[in-house]
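First up is the structure itself, then whatever we jot down about it.
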Amino acid sequence: MTEAEIETLIDAHVAAAIRCQKSGFQGVEVWAAYHSLLDQFWTPWSNSRDDKWGGTLENRTRMSRTIIEGIRRACGEDFIIGLAISTSDAQPVLLQGEALIETVARHDATGHVDYVTCGHGGYMDFERLMPTFLFGEKLTAPFTQTLKAALTNAKVTAEAHIRTPENAEAVIASGQADLVSIVRGQIADPHLARKTTEGRADDVRGCISCNQMCWGRRSRDYWISCLINPSVGREWEWGGDRFTPAANPRPILVIGAGPAGLEAARVAAERGHKVTLHEAAPRIGGQFRLAGLQPRRGQILDLLNWYERQFDRLGVALNLNSFLDADEIAAHPADDVVLATGSLPDPDARQRWLPGAGRLPGLDSGVWSPEDVLRHEARLGDSVILYDEGGNWRGMGTAWAIAEQGKSVTIVTPEPYLGREISRTSADGPLRGRLARLGVQNHTEHVITRWHGNGATIRSLLTGAEQTLAASALVMSTTNLAFDPFPASLPGKNLHRIGDCMAPRQAPYAFHEGRKLSLGL
Ligand code: SF4
């Protein structure tokens, strides 16, 4: 950058702050996080200038300090000025630790910074920036504790995986920060702050740190949504995460307590309907509960506990171990029946990349589904081949769960790399790292052509070459089949089919269909 370009950018920052103030904003946040421009000036590795903008700390912070002083002069003493920073130890050349604290303190000494907010990761280690459940919680709190002790004027905000009111309370009560920033937690439940203020933290629907519909959609340049709160992004259509009373409150029967049925039952009850929910299994959750048994995914089980609390609050009659047949549904007093019976693994384990091949030869013994594994019903032995054609958590998380048991795991997939579907959430790299450290092998762009009872023949999609891998068990993570044992219609009943029993897909679609249906009942 030329000096003239630097001066232009300084002026542009100040002009932007003035525009914000004129638009009614009470403050601005000066962006020096995630190795963006101002952070690049601060960092010796990326600032090799030998003029007044590089070299010493005084010079490297000149641009950001000049911006902050300019904003204060232009916008006055009451205007809030924040400074956004980040910390990461992913690359040793990044500014971190004492050097970062010294840099921030230089700005604090101007007396013009009202708060400093600290994120995690950066554009060079993006997966830490919006950490999924593969990472711990409250990631910046240890750093903000040290930073807070070093600053005399600015308040300090901790960010990064502070999901819940309990997380926030822990950080603030222990003095690790003055404030916390909760982003995804308030996407998952936009009423988080109000519920907490009212002493109802138990009512907060906790973000499950999946990134599937927030960052996962944003990364495709779509508007964001939320896996567990489908009203996000549809505020224009649904009026937000709130409900209007039903015009005609009446009995509603819901069959199946997977994500679609859970959400349909909850929302119908929120709107004043008298809801009865039947689930054939002894627990609610369906396949979602099994996903919650994969490593580090306990947040899903927390969410299922939240549904149970909501059902208690709303008076939903929950019947577990209860399979209704068509006659029992016909005899039920509810005219509106929601069928959310989900999907089951394909008993023939057909592969999408082998259309027309039919049932996998040799399927009769030693072949299991991910659900068998997660229910601890599979007898796997000590070496497992897992065939994954979804590129998502169903197969990948199951492979991880098996590898965590100390078994040898080989993943065979028609995809070009492991976890392709998860890559939209920036969890694929960290997952592949964990699998690699557990010794998991893989064969990408391959299909399975035969199971031998003690190994599988696999075929390359690139060359057609076949080879046989030894294994004590095969797990087939192929596309499920809809489970819908009921007639298309029943006299006098309005049957509403939602979720996987319509077409097996991923959880976000089930939550969305459950919410959408019950908003219209
Ligand atoms: S999509 Fe997942 S990570 Fe994003 S806010 Fe919703 S629950 Fe949280």
Side-chain angles (χ1 to χ4, degrees), residues 119-121 126-139 159-168 180-196 201 203-235 238 240-242 258-260 262-263 266-267 285 287-289 291-292 294-307 309-310 392-394 396-397 419 421-431 505-516:
H120 187 247
F126 200 87
E127 65 271 11
R128 294 164 181 237
L129 206 155
M130 288 177 58
T132 55
F133 54 83
L134 286 110
F135 294 88
E137 295 183 331
K138 301 171 279 185
L139 287 168
E159 304 176 28
H161 222 181
I162 297 171
R163 262 185 341 116
T164 61
E166 292 76 21
N167 286 165
V180 293
S181 169
I182 301 178
V183 179
R184 286 172 297 171
Q186 296 195 86
I187 297 173
D189 192 337
H191 305 292
L192 180 147
R194 182 174 54 76
K195 288 178 179 175
T196 306
D203 260 358
V204 173
R205 175 178 43 214
C207 163
I208 60 171
S209 308
C210 65
N211 281 1
Q212 263 176 267
M213 297 300 274
C214 51
W215 175 244
R217 283 180 59 89
R218 187 70 198 91
S219 67
R220 286 179 282 181
D221 222 9
Y222 297 169
W223 42 264
I224 68 163
S225 189
C226 173
L227 190 153
I228 60 175
N229 178 16
S231 72
V232 176
R234 295 185 178 85
E235 289 83 358
W238 291 352
D241 187 34
R242 54 175 61 86
L262 289 174
E263 184 66 358
R266 181 184 77 87
V267 173
Q287 291 179 65
F288 210 48
R289 176 174 293 280
Q294 293 176 346
R296 298 193 63 83
R297 302 196 77 187
Q299 293 170 8
I300 290 176
L301 304 182
D302 293 342
L303 179 72
L304 296 177
N305 293 338
W306 177 83
Y307 270 102
R309 290 196 297 277
Q310 297 304 304
N392 52 35
W393 284 108
R394 180 165 175 255
M396 290 292 102
E421 193 63 24
I422 300 169
S423 65
R424 301 187 199 285
T425 69
S426 75
D428 59 319
L431 174 65
R505 289 152 295 162
Q506 295 176 4
Y509 303 98
F511 282 102
H512 173 245
E513 289 175 11
R515 175 82 67 103
K516 185 178 179 186

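Atoms within a ligand are numbered from 1 in the order they appear, just like the ligands themselves. Nothing fancy with the numbering, it's 1 onward along the sequence. Please read these numbers as outputs of a predicted model, since none were measured by experiment.
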Open item on the list: Under a 3.5 Å cutoff, is there a donor and acceptor pairing between the side chains of H512 and R515?
Closed with: no

Residues at least two apart in sequence or cross-chain that pass salt bridge (charged side-chain N to carboxylate O under 4.0 Å, His left out) with R394, listed by chain then number, are E371

Output yes when D203 and R309 qualify as a salt bridge under the 4.0 Å nitrogen-oxygen rule, no when they do not.
no

Next on the checklist: Could you check whether R505 pairs with E513 (Lys NZ or Arg NE/NH1/NH2 to Asp/Glu carboxylate O, under 4.0 Å)?
Outcome noted: yes

For S209, the side-chain hydrogen bond (donor to acceptor under 3.5 Å, both in side chains) test, sequence neighbours excluded, returns H161, Q299

Protein-side N, O or S atoms sitting under 2.8 Å from atom 4 (Fe) of ligand 1 are C214 SG

Hits for ring pair (Phe, Tyr, Trp, His ring centres under 6.0 Å) against W306, two or more places apart or cross-chain, chain-then-number order -> none

